[in-house]
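Just so you know, ligand 1 is whichever comes first in the structure, and atom 1 is the first atom listed for that ligand.
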Amino acid sequence: MTQTTSDFAALPLAPELLSNLGSLGYHVMTPIQAEGLPSVLAGRDVIAQAKTGSGKTAVFGLGLLSRLQTSDFRVQGLVLCPTRELADQVAGEIRRLARSLPNVKVLTLCGGASMGPQLASLEHGAHIVVGTPGRIEEHLRKGTLELGSLTTLVLDEADRMLDMGFQAAMEAIIAETPVNRQTLLFSATFGDAVRPIAKRLMRDPITVEVTETHDATTIRQHFYRVADESARFEALLRLLLDARPASSVVFCNTKRETDEVAEALKGAGFSALALHGDLEQRDRDQLLIMFANGSASILVATDVAARGLDIAALDAVFNYRIARELEVHVHRVGRTGRAGGSGVAYTLVSEQDDYRLARLAGLLDDRFEVQPLPSPEVLKQAPFRPAMVTLQLGGGKKHKLRPGDILGALTGDGGIAGDQVGKIKVLANSAYVAVRRDVAAAALKQLGTGKLKGRSFRARYIG
Ligand code: ADP
Ligand code: MG
């Protein structure tokens, strides 16, 4: 391996890009950035493999921005992502990286949004398009997107796109791009599905890989035996009531189980939400907002649904059922204790799972034991409620509402203290604000009866 430095200044980046990195708080490169950026900026095809949260977006984001000719409004960069949330996150990160450059247009094109505004935006031209394969392919078929001037193609979370059945769409899109393009492929894993695609699509690629394993001091893994299926849910309850994590994900292996477990947790008095692929986009957005702002404490999810989402600060991960593949297990567990914090993972295993446990023991360097569950006494405790609740407002960016307007309405004559207000998220037609549970009624009244930007908007409590 070549010697790498972690100083961004060592890279051939425009001074505006460099100084902006400092203002974003990016003072040193993450390992995958240090390994990948030199080759990306040199124009090479690159395969980059590193776990979620390792800073892969900036590797291709800086690559895209460095090559951009802003005077040319044809599409020069295309980023394919598996889901709309990821596309939104990636577009947001590219815009942040680009904010010191004048007039860079980044457009997201995803399914679940209407075509009209997308067509209008495309007519105005865009330098970088970020989107999901299905919708991008649709635009290409209709002739509303033209990729003849593309210089860089990025496949983000390539493994997940393949898992989600996007292979045909991806290939159709790639067939519309110039052969002399630069291709960058990002993936948390590089298994048998991704490898042949990479081989076909890429020219003499450089592979960079960062496989830091979590050390046992940051993530503690606990395993518990369940006698049979009927004991599984009670085991989860006991663990939750004993550990009382403010924010956790419970992983299930099927959508159906996700719904069942979330319902049962709600029945037991917890604030739990089920996240799976069948949700309407709007419900999914709302659910993730509620989880991120601390007004839902437990997210029950399948791997596909939870993959790649930038959920920060999970106190605990529960494996309601151990993952079928060890790689997936490691990925799940890695979601707790991010960014140097400590985390804990609880895994329920029945006798049928023993062979998986045995394989896992081979993978983890340290030894682990199956532990006894907390005593049933703990079931007498009351379930915990999240500190925040979410209020939804019937107005958003389209009504020129900004977070500051909402905060001002609540704290001004609303009489609510600033520290009782949590995250505020403004979408196109609605906005979500988290407030502390004890001021929820007052906040709702204030938003529902007061005026914002000289208008009154509907306000409702959504939990
Ligand atoms: P990945 O795609 O590998 O999952 P992301 O690109 O989404 O990771 O980055 C994860 C988080 O780390 C983001 O919030 C991003 O803003 C932040 N980040 C990326 N690079 C740096 C850096 N060099 N210094 C500090 N924070 C960074
Ligand atoms: Mg990513």
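A salt bridge between D204 and R44 is present, with a side-chain N of the basic residue lying under 4.0 Å from a carboxylate O of the acidic one. We find that D303 and R332 are joined by a salt bridge, their nearest charged nitrogen and carboxylate oxygen being less than 4.0 Å apart.
Residue K51 places a heavy atom under 4.0 Å from ligand 1. Look at F8 and you'll find a heavy atom under 4.0 Å from some atom of ligand 1.
Where the criterion is an N or O separation shorter than 3.5 Å, residue side chain and backbone included, S54 meets it with respect to ligand 1. For a threshold of 3.5 Å applied to N or O pairs, the pair formed by G55 and ligand 1 contains at least one separation below that value. Checked against a 3.5 angstrom limit, the closest N/O atoms of V28 and ligand 1 fall inside it.
Of the listed residues (H27, M29, K56), the one carrying the non-hydrogen atom nearest atom 3 (O) of ligand 1 is K56. The option with the heavy atom closest to atom 2 (O) of ligand 1, from among I32, T57, L24, is T57.
Few gaps surround CZ on R95; more than 12 heavy atoms of other groups in view lie less than 6.0 Å from it.
Between the side chains of Q182 and R67, at least one donor-acceptor pair of N or O atoms lies under 3.5 Å.
Within the 4.0 Å heavy-atom criterion, neither part of R96 lies near ligand 1.
Annotation: Y320 is not in aromatic contact with F251 [ring centroid separation under 6.0 Å not met].
Ring geometry for F270 against F384 counts as perpendicular: the plane angle is over 60°, on a 0 to 90° scale with 30° as the lower cut.
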